[in-house]
Q: 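Handing you a structure now.
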Amino acid sequence: VNIIQNETIQVLVQLETQTIELGEATISGTRQIWETTNSISMHKLTSATIQKIPSITGSPDLGDFLQVIPGIIFTGDQGGQFYVRGGAPVHNLVKIDGMTVIKPFHSIGFVSVFDTETLASAEVYTAGFGAEYGGRLSSVIDIRTRPGNRRNTAGKVNFSNFGYGLTLDVPLLKMTTENPRSISVLLSNKKSYIDQIDDKIYPHLDKYGIPYRYNDLFAKVSFMGIYGDQLDILGMRITDHSSFGETMQSTWTNKAGGARFITSPNSSKWLYQASSYYSDYRGQFLEVNERPRETWFSSFENSFKLFRMG
């Protein structure tokens, strides 16, 4: 590699998986990130972190971890809303790969619409978040999903007493040593079946049983170039239904989709990121002797960011 003064050179390096046994290591010093990052009110999570938390449903979920963070309170009777330090639910912002999710939790309260197996990281801010999250007062949950497996087809399914979770990775164009380009697909489905089996595992319930059901679909297609250029196309469809006997019913659907493109031209010191997302929410509440109440909300978001490297 020839290094030229005042020029940016892109080098492609592929790492091979290898297990190395190390001896005792002593680490000393202070991380500089602690000096510039608000670590008191920011909680950084990964899929492995969430799976360590005991789950009410038996399946690891982001909602289980949020309930152990001070200042966050969940309520199931208001459509799975959560309150942070006394703020209203509309004061919370939840994003997945930069796309706003209007209804991030189901009516049952402690079940999120995100599949833990698809998460790469999640940053939860209960205060002190930056200006890029403008418009909200209480909290920000910024979620990043992983791309699909670029080399091998893989899948995982888990079952609990509430429902199942299915994750599937399919590489349409496999990454190899000779060809680092790749096209991968990540699919996820979370669906409940507690309303079908509640009378068998909870025989003490009345005839109405557990009145909740949900179905969450998520898809992501990732295109990876030679030098790290990446295009992500993602979409999700979330449905939720709760029925409290014959007196009231609540149903809502959240559809969202969009794309994000990241590139850094050769010999450039700048990283460019552009994204465009659309989200649509439709809700209906039915109550005996009352007019049907409907709620709808749509948003269209565009962003363009520049990052200087070096």
Side-chain angles (χ1 to χ4, degrees), residues 45 47 50-51 53-69 72-84 88-90 92-96 99-119 122 124 139 141 143 145 157-167 188-198 201-202 205 208-219 235-245 248-256 279-287 293-297:
L45 316 177
S47 177
I50 298 174
Q51 292 179 4
I53 298 295
S55 174
I56 299 176
T57 64
S59 180
D61 192 271
L62 176 63
D64 297 316
F65 193 96
L66 295 181
Q67 293 186 77
V68 303
I69 297 178
I72 298 182
I73 300 176
F74 277 83
T75 61
D77 57 346
Q78 296 294 327
Q81 300 180 19
F82 68 106
Y83 302 80
V84 180
V90 295
N92 304 311
L93 176 64
V94 180
K95 285 181 172 289
I96 178 169
M99 179 172 62
T100 300
V101 180
I102 300 172
K103 205 75 167 178
F105 295 95
H106 287 291
S107 298
I108 200 169
F110 45 77
V111 178
S112 73
V113 302
F114 312 109
D115 191 339
T116 305
E117 297 296 330
T118 66
L119 303 186
V124 182
S139 70
I141 302 178
I143 299 171
T145 60
V157 59
N158 59 77
F159 297 92
S160 68
N161 57 331
F162 272 77
Y164 71 84
L166 174 65
T167 308
S188 171
N189 178 218
K190 285 178 60 178
K191 187 175 183 179
S192 66
Y193 47 66
I194 184 63
D195 58 318
Q196 303 295 324
I197 63 172
D198 53 358
I201 59 178
Y202 303 113
L205 297 175
Y208 299 111
I210 298 180
Y212 301 101
R213 68 173 183 265
Y214 56 84
N215 188 16
D216 307 331
L217 299 173
F218 175 81
M236 60 192 308
R237 185 179 189 273
I238 307 162
T239 58
D240 182 279
H241 178 80
S242 57
S243 177
F244 302 94
M248 63 182 68
Q249 294 184 7
S250 174
T251 303
W252 58 264
T253 302
N254 192 180
K255 302 176 183 178
S279 184
D280 180 78
Y281 171 84
R282 307 280 170 166
Q284 185 180 57
F285 186 82
L286 302 178
E287 192 173 4
R293 286 175 280 177
E294 297 184 351
T295 304
W296 62 92
F297 178 82

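What you see below is based on every heavy atom in this structure, not just the backbone, and it leaves out hydrogens, waters and symmetry mates. As the structure is a computational prediction, the values presented were derived from the model and not from experiment.
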Q: Under 4.5 Å between any side-chain heavy atoms of Arg293 and Glu287, yes or no?
A: yes
Q: Quick one: side chain to side chain donor-acceptor pair (under 3.5 Å) partners of Lys95, sequence neighbours excluded?
A: Thr100, Glu301
Q: For the side chain of Asp115 and the backbone of Thr167, is there at least one donor-acceptor N/O pair under 3.5 Å apart?
A: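 Absent.
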Q: Just how far is it from atom NZ of Lys103 to atom OG of Ser279, taken to the nearest 0.5 Å?
A: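 Rounded to the nearest 0.5 Å, the NZ-OG separation comes out at 12.5 Å.
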Q: In Å, rounded to the nearest 0.5 Å, how long is the span from CG of Leu66 to CD1 of Ile73?
A: 13.0 Å
Q: Anything under 30° is parallel, anything over 60° is perpendicular, the rest tilted; go ahead and classify Trp252 against Tyr281.
A: tilted
Q: Where do Phe114 and Leu62 come nearest, in terms of heavy atoms and distance?
A: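 Taking Phe114 first and Leu62 second, the nearest heavy atoms are CD1-CD2, 3.9 Å.
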Q: Search all heavy atoms of Thr116 against all heavy atoms of Pro60 and return the closest pair with its distance.
A: OG1-O, 2.9 Å
Q: Using side-chain heavy atoms (C-beta onward) and a distance below 4.5 Å, is Ile238 in contact with His106?
A: yes
Q: Heavy atoms, side chains only, cut-off 4.5 Å: are Tyr214 and Ser192 in contact?
A: yes
Q: For the residue pair Tyr83 and Pro89, what are the closest heavy atoms and their distance?
A: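 Closest heavy-atom pair between Tyr83 and Pro89: CE2-CD, 3.3 Å.
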Q: Please check: side-chain N/O of Asn189 versus main-chain N/O of Leu166, any donor-acceptor pairing under 3.5 Å?
A: no
Q: Please examine the side chains of Asp216 and Asp240, heavy atoms only from C-beta on, and report whether any two atoms are closer than 4.5 Å.
A: no
Q: Check side chain to side chain donor-acceptor pair (under 3.5 Å) between Thr295 and all other residues, then give those that pass, not counting sequence neighbours.
A: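 Thr295: no side chain to side chain donor-acceptor pair (under 3.5 Å) contacts found.
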Q: Can you tell me how far the NZ atom of Lys190 sits from the CG atom of Asp61, to the nearest 0.5 Å?
A: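 Result: 4.0 Å between the selected atoms.
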Q: Before giving the answer on side chain to side chain contact (heavy atoms under 4.5 Å, CB included), spell out for His241 and Asp195 the whole-Å C-alpha distance, their side-chain angles and the decisive distance to 0.1 Å.
A: CA-CA 11 Å; His241 178 80; Asp195 58 318; over 6 Å; no
Q: Counting C-beta onward and ignoring hydrogens, is there a side-chain heavy-atom pair between Thr239 and Thr253 closer than 4.5 Å?
A: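 Answer yes - side chains close enough.
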Q: So Ser250 and Ser242, do their side chains get closer than 4.5 Å, heavy atoms only?
A: yes
Q: Nearest 0.5 Å please: distance from the CZ atom of Phe65 over to the OG atom of Ser112.
A: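 So the gap between those two atoms works out to 13.5 Å.
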Q: Measuring from atom CG of Leu45 to atom CD1 of Ile50, what distance do you get when rounded to the nearest 0.5 angstrom?
A: 5.5 Å
Q: Tell me every residue that passes side chain to side chain donor-acceptor pair (under 3.5 Å) with Arg237, counting only those two or more places apart in sequence or in another chain.
A: none
Q: What are the two closest heavy atoms between Ile72 and Phe82, and how far apart are they?
A: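 Smallest interatomic distance, heavy atoms only, reads CG2-CD1, 4.2 Å.
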Q: Indicate yes or no: at least one non-hydrogen side-chain atom of Gln51 is less than 4.5 angstrom from one of Glu117.
A: yes
Q: Taking C-beta and beyond as the side chain, do Phe218 and Ile96 meet within less than 4.5 Å on heavy atoms?
A: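 Counting from C-beta outward, Phe218 and Ile96 do come under 4.5 Å.
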Q: List the steps, then state whether side chain to side chain contact (heavy atoms under 4.5 Å, CB included) holds for Val124 with Ile141.
A: CA-CA 5 Å; Val124 182; Ile141 302 178; 4.2 Å; yes
Q: Hey, what do you get for CG (Asp64) to CD1 (Ile53), rounding to the nearest 0.5 Å?
A: 8.0 Å
